[in-house]
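One structure is given below, encoded as structure tokens.
Order of the sequence lines fixes the chain letters, A, B, ..., with proteins taken first and strands second; residue numbering starts at 1 for each chain. It should be emphasised that the depicted structure is a prediction, and the values quoted were computed from it without experimental measurement.
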Number of protein chains: 4
Amino acid sequence: MAQPLSRVERRKQETRREILDTALACFGERGYHATGISDIAKRVGIAQGTFYLYFQSKHDIAEQVLDDLMARLSAALTELPPEAPATLSDYRAQAGRITDTLTRVFSDDPRAARFLLLQAAAIDDEMAERVLGFYDSAAALQSSYLQHGVDAGYFRADLDVEAAARAVNGMLLAAAMYQLRDPAPDAFERLTRTVREIIYHGLAGETSRHDARDGA
Amino acid sequence: MAQPLSRVERRKQETRREILDTALACFGERGYHATGISDIAKRVGIAQGTFYLYFQSKHDIAEQVLDDLMARLSAALTELPPEAPATLSDYRAQAGRITDTLTRVFSDDPRAARFLLLQAAAIDDEMAERVLGFYDSAAALQSSYLQHGVDAGYFRADLDVEAAARAVNGMLLAAAMYQLRDPAPDAFERLTRTVREIIYHGLAGETSRHDARDGA
Amino acid sequence: MAQPLSRVERRKQETRREILDTALACFGERGYHATGISDIAKRVGIAQGTFYLYFQSKHDIAEQVLDDLMARLSAALTELPPEAPATLSDYRAQAGRITDTLTRVFSDDPRAARFLLLQAAAIDDEMAERVLGFYDSAAALQSSYLQHGVDAGYFRADLDVEAAARAVNGMLLAAAMYQLRDPAPDAFERLTRTVREIIYHGLAGETSRHDARDGA
Amino acid sequence: MAQPLSRVERRKQETRREILDTALACFGERGYHATGISDIAKRVGIAQGTFYLYFQSKHDIAEQVLDDLMARLSAALTELPPEAPATLSDYRAQAGRITDTLTRVFSDDPRAARFLLLQAAAIDDEMAERVLGFYDSAAALQSSYLQHGVDAGYFRADLDVEAAARAVNGMLLAAAMYQLRDPAPDAFERLTRTVREIIYHGLAGETSRHDARDGA
DNA sequence: AATGAATGAGACTTCATTCAT
DNA sequence: CATGAATGAAGTCTCATTCAT
């Protein structure tokens, strides 16, 4: 039961994903506009016409590549232990995990980072809107974490949660961009550690600041 | 020292600048790839061929537009009172001025922001390199400010200055991007104030934290 | 003489006809070039590949659609009471029946008319040749009717039968084309009645023939 | 004064017309769909891109070719001695002149005839509408001639002028189509003479009209 | 016999750049 | 110096046809 995926259907899904991945690779490496459908097709090993059996247009695949990537990132950001951190220490641990996850997604496929950070917003007004919208939703997610911290008492009560969320994400964005040019793990590690320290000192209340030094 | 700029020569410079500004406008509004040389020429009021008397190619003008923009931003960031801030209070004031300057440059011409933040890096690998290089040099500049703060004693002695510089700039970047979609001054003001607070609390030493609350 | 048409064979013939009819419908509605094999297949409810089990190519089915249509029209024109009209009155009655038949064929399926009158000749040189050839054979048929009228004495003895046949058919053609845009039966009825009158007065009669020779 | 046609402007007009004529030739010979922009460009001796300096699209030039052709035909039909024929003889003479004119237009460029009669209506629904609309306006023009004949008394008073106009034009259409395959002037001459006779006898005359009413 | 995914040639169109005037 | 018509390479997309299943 529930095996509607015949062999051929599965093969189609595989091809679809292969095209999607290849497109992300091409877009990330050469850029959206410098990439031709023929480049993608050649690299996948299909005819140009075959491409259009899986995607309606070049713009369509760009949308899907972006959606797919944003979905993966959202999943990475969301699929954390559901229990919210109760103490600042817990928060620090969780923040570390989030950073690690993002790092992994982006270092696993640097082309994904290049595409999201450098290319996607330049494709189109609509696409730019999507990217900025993604930043917004990431800010909303970050907001909820910070708000929880305020409620739990380990962040300052007078924190402008929304604004702080954007600021925090900006630091993560800077880290991601930094990694684009200098993929050395060391430098990146130093940067993320500092970011966590800034968050810690910058957001925390007066009372909980004595155990500040960060090990990871 | 002489005045070799004959009237003709001056006129040429004016035209050149007019084309440059128009190109920035077009690139910011429609995007680099969606902008044709004919769009720029039409808007300036010159013939298409005339464009090539002033710039070698489309890529060439993109480079010059970017260089010009980055130069203006560098100038805005650098041309501050040369005497470095001696106290945290001074630093806060200076940080406010920098933010104000950046804000002014970008809100004066939102298309410049769109071009730098969304478009420029997608033109080309070389152009992406330039943009990332600009971020690097901005980080270096920020570094020098922060290092001065460490030396002056109002920032933590163990601060990883380089990493912190990138983090701080990341927050400014986030602010600039936020402004792209929601140009309401209020929201932006809230965001920059929070950024300054985070810097203040996040970077400062233990001793100077009692006068933290920020009014502006 | 046997019944070699097994159930399977009969089914094939049905499918073939279904495809043929659907193709005529599509060609008439959207035009030959705007119709894709996939349109026909989808409408019939078969796979695209299946189409090629019944017809060799798109051109092939167009030929067969046209042949089929012309055959139906020929049949309609020919399968009249075999006894030729003996008097002008009889002729008038027969002409009425022919007109009725043509009308019925075309109003039953306006797409057939659109295909024959507007589309078919544009497919191909060869197809144009077929259409014009059909007009020729229709003229030949009309010729034979008119010749009979001359022989029977109710058409002018000096009638250029071949030329008149083409002229008469031209009027019918005009009527058919008129019906394409304005399918109102009234207008069509008025037109065919007038055509019959013109034939009647234009071809018949002793009385008005004395000044017939034409100078220009 | 009033010499806004600089040398270059005149050259552009020439090129435009050259493309237009070549397009008519190609469309008439090979058909609209079989003709590529590259065919037209090659034959004119320009680059493909140049074509698009003069016409917006393939569809655009088809429209203009058709409009141009219909305008030429309208001019040919309309630019006759303005004094309407007063007698049936005059009418016969005028009808002869009209036929001659049409003949000339079409035999001068048989491809024009092929395009108008066989191709144009198959390009598009909109184009078909134009062609049928042209037939309508030709019918309206013919109507006015016939109406004049009725008013002047040399056509039957009870003539359904509109319907007769379409019938007459149908005969001309048949003549034009006949000429497509058999361009021999003799055969065409015979046909047009017969058409004029049918018009003459079919529309004129008091004497033979008493048994005209048609039941079906 | 039927399927429908795959093919690939070819169509239209755009646009950065050149060059004769 | 300015013009803008001309160029032609390159890109996206369609669709009749084939073939492995």
field: Nucleotide E:dA1, atom P - distance to CZ of C:R10 in whole Å
entry: 17 Å
field: Listed nucleotide nearest any side-chain atom of B:Y52, set F:dT17, E:dA16, F:dG8
entry: E:dA16
field: C:E126, CD: over 12 other non-hydrogen atoms inside 6.0 angstrom
entry: yes
message: Could you tell me the Watson-Crick or G-U partner of E:dT21, where both distances fall under 3.5 Å? Say none if there is no partner.
response: F:dA2
- prompt: Does A:F51 have A:K58 sitting over its ring (NZ/CZ under 6.0 Å from centre, angle to axis within 45°)?
  reply: no
task: Check every strand shown and say whether B:T15 touches a base, only sugar-phosphate, or nothing at a heavy-atom separation below 4.0 Å.
output: nothing
Of D:T50 and C:I46, the one whose closest DNA chain E nucleotide lies more 5': C:I46
query: Within a radius of less than 6.0 Å around CD of A:E14, do more than 12 heavy atoms belonging to other residues, nucleotides or ligands occur?
result: yes
message: Do C:D67 and C:R130 have side chains that approach each other closer than 4.5 Å (heavy atoms only, starting at C-beta)?
response: yes
- prompt: Rounded to whole angstrom units, what separation is found between the NZ atom of D:K12 and the C1' atom of E:dA20?
  reply: 16 Å
query: Quick one: is D:K58 getting a side-chain N or O under 4.0 Å of the E:dT13 phosphate, OP1 or OP2?
result: no
- prompt: Nearest of E:dT13, F:dG4, F:dT12 to any side-chain atom of D:Q48?
  reply: E:dT13
query: Is the distance from OP1 or OP2 of F:dA16 to the nearest side-chain N or O of C:S57 less than 4.0 Å?
result: no
message: From C-beta outward on B:L53, which listed nucleotide comes closest to its side chain: F:dC1, E:dT13, F:dA6?
response: F:dC1
message: So if I take every side-chain heavy atom of B:A47 and compare against F:dG4, E:dT7, F:dA16, which nucleotide ends up nearest?
response: F:dG4
- request: Please check if the side chain of A:D21 supplies one atom and the backbone of A:E18 the other of a donor-acceptor pair under 3.5 Å.
  value: no
- prompt: Between E:dA2 atom C1' and C:R11 atom CZ, what is the distance in whole Å?
  reply: 12 Å
field: Residue whose closest nucleotide on DNA chain E lies nearer the 5' end, C:Y54 versus D:F51
entry: C:Y54
message: Taking pairing as Watson-Crick or G-U wobble with both contacts under 3.5 Å, can you name the mate of F:dT7, or confirm there isn't one?
response: E:dA16
query: With both distances under 3.5 angstrom, what nucleotide forms a Watson-Crick or G-U wobble pair with E:dA1?
result: none
message: At 4.0 Å (heavy atoms only), tell me whether D:G49 reaches a base, stays on the sugar-phosphate, or touches nothing.
response: base
